[in-house]
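Below you'll find the structure, written out as C-alpha cells, and then a few comments.
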Amino acid sequence: MKYLPYVNIKQGSASVHRFSNGNTLPLTALPFAMANFAPQTNSSSSWFFHPADRCIEGIRLTHQPSPWIADYGSLIFFPQKFKPEFSASDRWSGYRPENAELMPNYMKLELLRSRCVFELTPAERGGAIRVHFNDEKENYFSLLPLEGGFTCDYRAEKDAYYITVDNCCDENAVNFKMFAVIKFGKGQISGINEYAENRGVHLSVSGKELNALVSTSYISFEQAELNFKRDFENRNFDKIKSDAESIWESCLSRVQIEAFDEKQMKTFYSCMYRAFLYPHKCYELDENNKPVHYCPFDGTVKSGVRYTDNGFWDTYRTVYPFFSLVAKDEYKEMCEGFINDYLECGWLPRWPSIGERGCMPSTLLDAVLCDAAVKGILTGKNLETALEGMLKHANVNSENDDYGRSGAESYVKLGYVPIEAHKESVNLTLDASYGDWCIAKIAEILGKDDLASEYHRRAKNYKNLFDKETGFMRPKFENGEFRPDFSPTAWGRDYTEGSAWQNSFAVPHDIEGLASLYGGKEELIKKIDELFAASPDYEVVGYSCEIHEMTEMAAADFGQCAISNQPSFHIPYIYSALGDVEKTSYWVQKICEEAFSFEDDGFPGDEDNGTMALWYVFSSIGIYPFCPGKKEFVRTKKLVKSVRINGKVFDADSFTGNKIEYDCII
C-alpha cells in the first residue's frame, strides 16, 4: 500500500501572525534532512508561505523550524524571463496553487510570468532541480539570498558555481555560513548575466531546459563537494525522486492504520509526515565517512553528530516517545548529538536552531533523555554524561539566559522559583520538579541510589505552590506568601503561554500525588470536569497585548482546555491516568474530530515540530505518553479500525485497565 498520496504537506500552513492553524511549512525534504525546500510566496515576514497566495517569489532552501524562530542559511532559486530582478517585490510571478504538486518527495510549480515549469526533488543535504521554459527567449535562473551576505564564484575547472550565504538570526552561532555547490547540465548556462554583491546572481540559460544539482555544507566548499558526491553520484532526477519516495513510504508505513474514511486516512498520514521532519541533521560525513559538524559555540569543526531545530518544551511531550516506538536508532543518534552540545558549550540544549535560541523556559530535554534511558535507547558513557549535564542545569544559574534552568539556584534554596527571581515562575517550578524526577530515574539506572533519593524528594517541590483554597498552582514571593491579585484566567506573568487553568496540572510524574492535594482522585477529576465546563475566558495581564494562543483557545472552545497549545495536551488524559478511560475517550474523540483535519487549516494551533501532529497520531491509535520517562502509556479508545506498529498488530482496546506497558507495544 502507498501512503504518500494521503499526505497534504500544506496541512497547517493557512496561518497568519495573529492566528495559527499550525504555523507549518509545506516542506519537500527527506526525513530529518539538513536541506528542506518550500515555495516562498511572501518574504515580508517569517510567515513566508500561505496556500491562498497566488504569487510566488522563489523556491527557498530553508531550515526554519517555526516562524517564531525564523530562518538561517537560506538560498532562493527562481527562474525568470526577459528582465530578471533581485528584489522579491519586483520579481514575483503569478502561479496557480490549485495546480501545484507539493509532496514530501517532489515539487512541481508552473510560474506564469516566468513561463516555465519548475520541479524539485530532495536529497540529504541538497536537491535536484529541473526547469522547462516555454521557449528559448531570454531565460534566466536566479540564485538569491534571503538577507545577509552572499557570494558567487564560477570555477571553470569544476564547471560549478560556488555560493555562500550567512543569514542567521542567532547571535550564539559564531561565524555561521552555508556553502553551496551547484552544477548545471552541460552547456545549459551561458554565463553570468548580472551579479550584485549581497543581492544575488542571474545566470543566463541557453535553451528551454535546465537541470541543476545543489548540495550544501555548514563546513566548507570541500565538504559540500563530498556531500554532492554522496547525494547525487550515479543518480539522475527521476532516480533521486523515486529513492525519496521509497524513504518516505518506509517512514510512513511504520504505523499502518485502517481508517473509517478517507478524511481520517489523510489526516493521519499528513500528521505522520510531520513526525519525521524535525530535528534536522546538522552533521556531515568527512572523507573517511566519519561524522563531523560545524560547532556554533566557537565556529570550529568538531567530530561527531549534531541535531538542531527543535524546541524541547514542545517536543518532549509526544515526538520523542513516538521515536521510542518507531525510530529508536534515530532517537539514539539524536541524544548523542544533544549530549555533544553539552560537551562543546557546557550546557545541554533548550531550543537549538543552528545555535541556541533559548526562546522557551526550562530544560525539558531532561524528559527526552530520561525517556530514552528508561527504554534502553540511551546507555553507557553517554548516559553518564547526560546526567552530568542535567545536574549542572538543575543547580547552577547560567550567566547567559539562553542556557540552563531559569531560576535554578532560587529553586534549590526555596523549593520553588519565587516571583522575584524570574517571570513564569509557576511553570519553572513545575518543570523543575519534573526534571528532578527525570534525574532521579537516570540516577536509579546508573545505581546512584543516594542521588536518586535526593532528586525524588526534590521532585515533590510542585506541592510548594499548591493553593488548596483555589485548587490552583500559584506564584509565591521569597517570603512564602502567594501573589495576592490572583485570577485563574490571567495569562502570562507567572505562567507560560496560559493561565493557572492550563498550567496547574503539569505534574505528569506524580499525578497521584497531585490528586492527593485535592483530596483524592475523584476531587481532581471534578476539577478537570470544571476545566472543560468553564468558558474559554482569558485576561491579557502578563502580556502587552493578546497573544495568538488566547485567540485560538477561544476559537477551539473546549472550555479552558487550550488544546491549541502544548500545556493542555495531557489534560484530557488526566482522567485516564486516574482510572477513568471513558471520560478521556469522550474528550479525545471530540477534539480529534472537531479540531483536526488534513486541510490547509488542519491544526487548532502551532504544530511545533511534530508535537501536535503526534498528539493526533497517538490519540487515534489509542495511547498517549502521559509521562515521558515512564515505560507506559495511558489508554484511550482507538479512533481507527486497526493499527500495526512496525508491522505488529496493536489493539489498544484489547487491554484492560488504564495503562499499557511500553514493552507490550514494541
Side-chain angles (χ1 to χ4, degrees), residues 8-29 36-78 87-95 97-98 100 102 107 109 144-148 165 167-170 270 273-274 277-278 280 309-311 314 351 353-354 357 359-360 497 543-553 555-556 564-566 597-613:
N8 174 23
I9 71 171
K10 296 184 287 133
Q11 180 193 31
S13 64
S15 301
V16 294
H17 182 271
R18 291 185 177 179
F19 196 88
S20 173
N21 287 304
N23 269 336
T24 61
L25 287 170
L27 297 174
T28 296
N36 294 229
F37 300 89
Q40 176 178 299
T41 63
N42 188 343
S43 59
S44 61
S45 74
S46 294
W47 285 257
F48 70 80
F49 173 84
H50 195 284
D53 288 342
R54 305 192 71 83
C55 60
I56 190 165
E57 300 172 352
I59 293 80
R60 186 192 291 191
L61 192 164
T62 177
H63 307 98
Q64 179 171 294
S66 163
W68 307 109
I69 296 296
D71 212 344
Y72 65 91
S74 307
L75 182 61
I76 297 160
F77 308 97
F78 198 51
S87 73
S89 60
D90 293 331
R91 72 174 184 259
W92 65 271
S93 170
Y95 88 116
E98 64 274 14
L102 295 175
M107 175 193 305
L109 308 163
L144 308 157
L146 177 64
E147 57 187 16
V165 292
N167 69 296
C168 183
C169 297
D170 184 7
S270 295
Y273 149 78
R274 297 233 153 252
L277 291 174
Y278 302 96
H280 289 146
D309 302 323
N310 221 233
D314 304 299
W351 222 123
S353 185
I354 200 60
R357 300 299 179 94
C359 74
M360 296 302 291
E497 294 183 358
Y543 296 97
S544 59
C545 62
E546 179 166 329
I547 63 173
H548 71 98
E549 288 90 351
M550 301 174 188
T551 320
E552 292 147 16
M553 180 186 74
S564 50
N565 204 24
Q566 282 72 23
S597 80
F598 66 89
E599 302 287 356
D600 297 352
D601 61 352
F603 292 112
D606 280 359
E607 196 280 321
D608 287 320
N609 307 141
T611 309
M612 187 173 284

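These numbers were taken from a predicted model, which means no experiment stands behind them.
- Nearest heavy atom pair, residue Ser564 against residue Pro604, reads CB-O, 3.0 Å.
- For the pair His63 and Ile354, the minimum side-chain heavy-atom distance is 4.5 Å or more.
- Glu607 and Thr24 share no donor-acceptor pair across their side chains, judged by distance under 3.5 Å alone.
- Closest heavy-atom contact between Gly605 and Glu552: CA-OE1, 3.8 Å.
- Ring planes of Trp68 and Trp47: perpendicular class, angle over 60° (limits at 30 and 60°).
- Using a 3.5 Å distance cut-off with no hydrogens or angles, the side chains of Asn8 and Asp600 do pair a donor with an acceptor.
- A heavy-atom distance below 4.5 Å is found between the side chains of Ile69 and Cys359.
- Taking a 6.0 Å sphere around CZ of Arg54, one finds it holds more than 12 heavy atoms contributed by other residues, nucleotides or ligands.
- At a threshold of 4.5 Å between non-hydrogen side-chain atoms, the residues Phe48 and Leu25 count as touching.
- The CE atom of Met360 sits 4.0 Å away from atom CD of Glu497, with the distance rounded to the nearest 0.5 Å.
- Here the OG1 atom belonging to Thr62 is positioned 9.0 Å from the CD atom belonging to Gln40, to the nearest 0.5 angstrom.
- Looking at Asp314 and Thr611, their side chains never bring a donor and an acceptor atom within 3.5 Å of each other.
- For the residue pair Glu549/Asn565, the side-chain donor-acceptor check at 3.5 Å is not satisfied.
- Looking at Ser15, its side chain never comes within 3.5 Å of a backbone N or O of Ser20 through a donor-acceptor pair.
- For the atom pair Ile76 CD1 and Ile59 CD1, the distance stands at 9.5 Å (nearest 0.5 Å).
- Shortest non-hydrogen contact noted between Pro26 and Tyr273 is C-OH, 4.1 Å.
- Within the 3.5 Å criterion, the main-chain N or O of Pro65 finds a donor-acceptor partner in the side chain of Asn609.
- To the nearest 0.5 Å, atom NE2 of residue His50 and atom OG of residue Ser45 are 10.5 Å apart.
- Minimum heavy-atom separation, Ser597 to Gln11: O-NE2, 2.9 Å.
- Heavy atoms only, all atoms of each residue included: Arg60 and Ser43 are closest at NH2-CB, 4.4 Å.
- Asp309 places a side-chain heavy atom less than 4.5 Å from the side chain of Tyr72.
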Show your reasoning for whether side chain to side chain contact (heavy atoms under 4.5 Å, CB included) applies to Arg18 and Thr551. CA-CA 8 Å; Arg18 291 185 177 179; Thr551 320; over 6 Å; no

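- Contact annotation: the side chain of Phe49 approaches that of Lys10 to within less than 4.5 Å [non-hydrogen atoms, C-beta and beyond].
- Between atom CZ of residue Arg274 and atom CG of residue Asp608 there is a gap of 11.5 Å, rounded to the nearest 0.5 Å.
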Apply side chain to side chain contact (heavy atoms under 4.5 Å, CB included) to residues Ile56 and Phe78 and explain how you reach the verdict. CA-CA 9 Å; Ile56 190 165; Phe78 198 51; 4.3 Å; yes

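- Of the candidates Ser46, Ser66, Ser13, Pro67, Asn23 forms a side-chain contact (heavy atoms from CB on, under 4.5 Å) with just one, namely Pro67.
- Listed for the Asp601 side chain is no donor-acceptor partner under 3.5 Å among the backbone atoms of Asn21.
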Report the C-alpha distance between Trp92 and Glu57 in whole Å, list the side-chain angles of each, state the deciding distance to 0.1 Å, and finish with yes or no for side chain to side chain contact (heavy atoms under 4.5 Å, CB included). CA-CA 4 Å; Trp92 65 271; Glu57 300 172 352; 4.0 Å; yes

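- Summarising the geometry, atom CD belonging to Gln64 is positioned 9.0 Å from atom CG belonging to Leu27; distances are rounded to the nearest 0.5 Å.
- Between the side chains of Asn36 and Tyr278, no donor-acceptor pair of N or O atoms lies under 3.5 Å.
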